[in-house]
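For reference, the structure is listed below as structure tokens.
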Amino acid sequence: MPELPEVEVAARNLRRWAIGRRVRTVQADARARRILRPAAPRALAALAGARFEDVRRRGKNLLVTLTKGRGGHIGIWSHLGMTGKWLRRRTRDAPPRFARVRIDLDDGVTLHYADMRLFGRFRLVPDARFESLADIAALGPDPLNDGIDVDRLKDRLARTRLPIKVAILDQTLLPGVGNIQASEGLFRAGIDPRRAAKSLSRAELARLARGLLDSIRYTLKTFKQSGADGAGSDIEYVEERRIANPSLVYGRAGEPCPRHKRDTIVRIVQAQRATFFCRKCQR
DNA sequence: ACCCGTGTTCGCTG
DNA sequence: TCAGCGAACACGGG
């Protein structure tokens, strides 16, 4: 379930599990070829012997730096796509379902990158020079790490006729905001998702920035309290634990609006994606 | 059997 | 020239 909060959890997990550890071996299954770059699974051997030094998150991207040899570095650019997960298992245990890449560490732990639909990415980055990647360089400031600059938002949206819900999914504008957080942020801000992006006032955009950040932080807090961040379990990343839906409106078509309960949440489709909102309190 | 899906990219169009 | 649109990717889950 990867938007900014889920990827942030993955980053924290990887730090706790791997920083300081050395890579023994790396393996990928045949279908992983689709998400790998270089595409040949054996190219992953370049990671053998490297030591995890740093894990950063920019939007939905995980940027992992490992040290190798004397002063050398190698990077992993990981994107979870729709169904990607980083999981931890004992090396001797069976791999999880849909495991695509496994990294055996020097402490008996194996990190598995699992991805059912293979929309994710797993790319080796020579010298860990992530800034040299066009897609990474193009990302805007990260909302959680850097905050949201309302004036920049206003400038960037000044000529955009797209509906605001569609516009804020642009990762060069608000990296990490996805389909869930977009609906949630607009609900918290009381803004109709169908409005043209350019029609929003500065005050409305300030409310939207606040709504998005509140929703992101609330979602993170919910993961933590439910144990879905894996912090409470020693080995198993909590995969199957049922956690309460932390969304106010996403996936809640037909349910009463959580604000006034006198109208129901509706589902519409914008740019081929579901949007949830309340007609009464979002203008 | 049918519809839906938390993401991104690509080719086409006006 | 480029913003915007729709298909495509792959594989379940309900």
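The chains referred to below are lettered A, B, ... by the order of the sequence lines, with proteins before strands, and numbering in each begins at 1. What you are looking at is a predicted structure, and each value in this text was computed from that prediction instead of being measured.
Taking every heavy atom of residues 167-191 of chain A and every atom of DNA chain C, no pair lies under 4.0 Å.
Between A:R279 and A:D192 no salt bridge is recorded (no basic side-chain N to carboxylate O distance below 4.0 Å).
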How would you summarise protein contacts on nucleotides 9-14 of chain B per nucleotide, using B for base, S for sugar-phosphate only and - for none, with heavy-atom distances below 4.0 Å? S-----
I'd like a list of close polar pairs between nucleotides 1-5 of chain C and the protein, N/O only, cut-off under 3.5 Å.
| residue | atom | partner | partner atom | Å |
| --- | --- | --- | --- | --- |
| C:dG4 | OP1 | A:R161 | N | 3.2 |

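Within the cation-pi definition used here (under 6.0 Å to the ring centroid, within 45° of the axis), A:R259 qualifies as a partner of A:F187.
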For A:R51 and A:R21, what are the C-alpha separation, side-chain angles and deciding distance, and is it a side chain to side chain contact (heavy atoms under 4.5 Å, CB included)? CA-CA 6 Å; A:R51 193 182 292 277; A:R21 303 259 61 97; 5.6 Å; no
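At C:dG13, one or more side-chain N or O atoms of A:R97 fall inside 4.0 Å of OP1 or OP2 (strictly under the cut-off). Listed pair A:K60 / B:dG7 meets the phosphate criterion, a side-chain N or O lying under 4.0 Å from OP1 or OP2. At the phosphate of B:dT6, OP1 or OP2 sits under 4.0 Å from a side-chain N or O atom of A:R273.
Across A:E204, A:Q282, A:R283, a single residue satisfies side-chain contact (heavy atoms from CB on, under 4.5 Å) together with A:R195, and that is A:E204.
Here C:dG12 is the nucleotide among B:dG7, B:dG5, C:dG12 with the atom lying nearest to any side-chain atom of A:F98.
Mapping A:N61 and A:F276 onto DNA chain B by nearest heavy atom places A:F276 at the nucleotide closer to the 5' end.
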